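Because only heavy atoms are used, hydrogens play no part in the values below, and waters and symmetry mates are left out as well, while side chains stay in. Every value quoted in this text rests on a predicted model; they were computed, and no experiment measured them.
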Amino acid sequence: MATFLSKLGRLAFRRKGVTLLLWLLVFVGMGVAASSAPAPPADTFSMPGTESQEAFDLLTEKFPDASVDGATARVVVRAPAGTKITTPATRTEVERLVTELGASSPQVVGVADPYESPAVSISEDGTTAYTVVTYKVPAAEVDDEAHDALDAATEQAREAGLTVEAGGDAVKIEQAMGGTGEQIGILVSAFVLVLTFGSMIAAGMPLITALIGVGIGISGITALGSTFGLSGTTSTLAMMIGLAVGIDYALFIVSRFRAERAEGRTPEEAAGRAVGTAGSAVVFAGLTVIVALAGLAVVNIPMLTKMGLAAAGTVAVAVLVAITLVPALLGLAPVKVMARRGRLRYAVKPLSDRQRRRAARHEAKLARRTRPNLGTRWARYVLRHPVIVLLVGVIGLGTVAVPAASLELGLSGEGQMSTQTTQRKAYDLLSESFGPGFNGPLTITVQTVSADGTGTASAGTPADARKTGDEIGKALARTPGVASVSPAAANKAGDTAILTVVPTTGPTEKKTEELVHALRDTAGGLERSTASRILVTGQTAMFIDFSQTLDDALLPYLALVVGLAFLLLMVVFRSVLVPLKAALGFLLSVAAALGAVVAVFQWGWLADVFGIDAPGPIMSTMPIFMIGVVFGLAMDYEVFLVSRMRESYAHGARPGEAVVDGFRYGGRVVGAAAVIMMSVFSGFIVEDNDFVKMIGFALAIAVLFDAFVVRMAIVPALFALLGRSAWWLPKWLDRILPRVDVEGEGLAGTQPAARSPRESTLVG
């Protein structure tokens, strides 16, 4: 592996023009393909194997006229204080609003008049009403003109004295991503890279190559979107993880190149060794990330599977960019990539007398700097006090992880949006006037079956289906937690009916989830007595099933990614205990991060500091996404840091010396990479959407725990306690495992140059 990658790095360094041209052609070609590709399909959400999905498919089949995939907007109107919605003057304004909404856009196909069904659309106190605007296109295809027309109509009604707010998927989302916080995160990343390298050129390479890799990956997803059903949101995870690992991988290789140059190697030799050693670590780190992302397929939710595979493809591009494009760029600036103060000592052209004097002064200054760098001092401290460091790290993370035992999963909706948005205001108005369960109604499907109980739909009349549905509705209405049950509505064939159940509690409350389970239990007993098949669905039930599906898949997913990563790391490090420590440390950091998320976003601790309006259940997709992203970054740090230890140990260093070498060369780089990722992820915390805040906070805190507590403290402490046992591998297993030579033993001149006191200053 190391020999092959070293040759590849040397080739890219020598043929830098050709390499850059090839990547430019790929970048432009993918951009052209993306721009000429058909528009990506709209988001489709399905959960095979769940009752909600089964009921949804049944509704699509039995009620084809009602199965319109068009967007809707629910406009809520409240009368001025002291008046009713039925007051003549108020009614005139409401009817004018309904008319304006109907004529607002060609995409609108209908607007419900609340006065035609006052028992349903007007609250009991007569102060609030709502109307539903139906569009003929899905939410993703509602154009700006329609959005603006909806806003103009509601604003005109507000000017007339009404309180008007709108919710639903046809309403424009007011929170915008990529705000000031994210920009600050990128600026902090650039600042950290400059401090780390002391060179603008070296600092810019990781950012440029990461953006190129992400650009190619996202363009590829867009180009293949219509072919493989990849919606516009599929690229979200790919962009996040691709940018993260792209910066890390380039950072590792550039850092190793500088270290090799500091040891006196020529630029081409340094590039080859950097790609052969650090590049090997990048390849295996990338494989672990790809395993984690592709493993999302075990959840059996098509949307997540597509997102995981798309992100895995982007990571593969990031790896290829790191081992080919980065050495080509290094070939363009082999001297300027070094720290500015010591750059003269690496000059290729003959130096002038003045430059030679400056270089001599710099050499003399470096010779006087005998103090080890921060990474070396920290590693030596851990080696002297391994038990204390280990106990503090494990107990500290264990304490933070305690709240994770109370984790409650759910899906965010308009009730979790910022209180400043019209969607949240509409949600609150409906909850106040119609009850909290009005925002999360449940749909019950009743399909009559044959008398022999085979499940075959029995023919009848709509009146028969309605009668059966009403009978079942009366039985379900007696279930605790049910506020109301609507009359049944039958299809034309007379074999299926639907009815709506409104809970007494909100859609994200635990009692609503318990009600769904209770209704399904009750339905199971009613099916035989009514000769029907009863299914519970609706958006709230689908969210509950979605959360349960993810909850059930969490442990299998963890077992898959951790198990496969264990095997990969065992091949890389030729050890059983090193990958075991890596996996256990990752689980500890994830548990601590989940505990912090629960404390802040579910319990409401420091809610005012983070601007959380409504603490509640944790978004169901957050743990899975966090595990995938953090696992990738954690394995990056583990592979890069420990591979330097393994390399030193393989070259004859004692276990303690190997730990110090790993931190001398890799500690600062891993710390910089972690700070960069934390700054980027922290930028999402200032966004308005609570779910976006949650993701940003979870990823930032998880990187903090994993990089600085697990990799920088617990891992070296365990190495100190285990000694040579850390690298133990049974002989029979050693014969079976393939040898990949990550340490670069097969490279010519593999023995490092003799160390000098100034080495830590040059390498960092």
Next on the checklist: Donor-acceptor check, side chain of Gln423 to backbone of Lys172, threshold 3.5 angstrom: yes or no?
Outcome noted: yes
Next on the checklist: Could you measure the distance from the CE atom of Met307 to the CG atom of Leu296? Nearest 0.5 Å is fine.
Outcome noted: 8.5 Å
Checklist entry - Under 3.5 Å, is there a donor-acceptor pair between the side chain of Ser6 and the main chain of Gly276? => result no
Item to check | From OG (Ser575) to CG (Leu580), nearest 0.5 Å | outcome: 9.0 Å
Checklist entry - Counting N and O atoms only, with roles assigned by atom type, does the side chain of Ser36 sit under 3.5 Å from a partner on the main chain of Val32, one being a donor and the other an acceptor? => result yes
Item to check | Residues Ile301, Leu550; criterion side-chain contact (heavy atoms from CB on, under 4.5 Å); working and verdict | outcome: CA-CA 9 Å; Ile301 295 178; Leu550 289 174; 4.1 Å; yes
Next on the checklist: Between Asp706 and Ser589 (side chain of the first, backbone of the second, donor and acceptor by atom type, cut-off under 3.5 Å), is there such a pair?
Outcome noted: no
Next on the checklist: Are the side chains of Val590 and Phe705 in contact, using a 4.5 Å heavy-atom criterion?
Outcome noted: no
Checklist entry - With a 4.5 Å limit on heavy-atom distance, are the side chains of Phe257 and Met205 in contact? => result no
Next on the checklist: Working to the nearest 0.5 angstrom, can you tell me the gap between Glu638 CD and Leu569 CG?
Outcome noted: 6.5 Å
Item to check | Spatial distance of atom CG (Leu397) from atom CG (Leu588) [nearest 0.5 Å] | outcome: 4.5 Å
Item to check | Separation between CG of Leu584 and CD1 of Ile714, rounded to the nearest 0.5 Å | outcome: 10.5 Å
Item to check | Side chains of Leu594 and Pro623 in contact at under 4.5 Å (non-hydrogen atoms) | outcome: yes
Item to check | Side chain proximity check, Phe546 to Thr621, heavy atoms < 4.5 angstrom | outcome: yes
Next on the checklist: Could you measure the distance from the CE atom of Met619 to the CD1 atom of Ile624? Nearest 0.5 Å is fine.
Outcome noted: 12.5 Å
Item to check | More than 12 heavy atoms from other groups under 6.0 Å of CD on Gln548 | outcome: yes
Item to check | Worked check of side-chain contact (heavy atoms from CB on, under 4.5 Å) between Glu513 and Glu408 | outcome: CA-CA 11 Å; Glu513 180 180 350; Glu408 295 180 7; over 6 Å; no
Next on the checklist: Would you call the rings of Phe640 and Phe252 parallel, tilted or perpendicular, taking 30° and 60° as the class edges?
Outcome noted: parallel
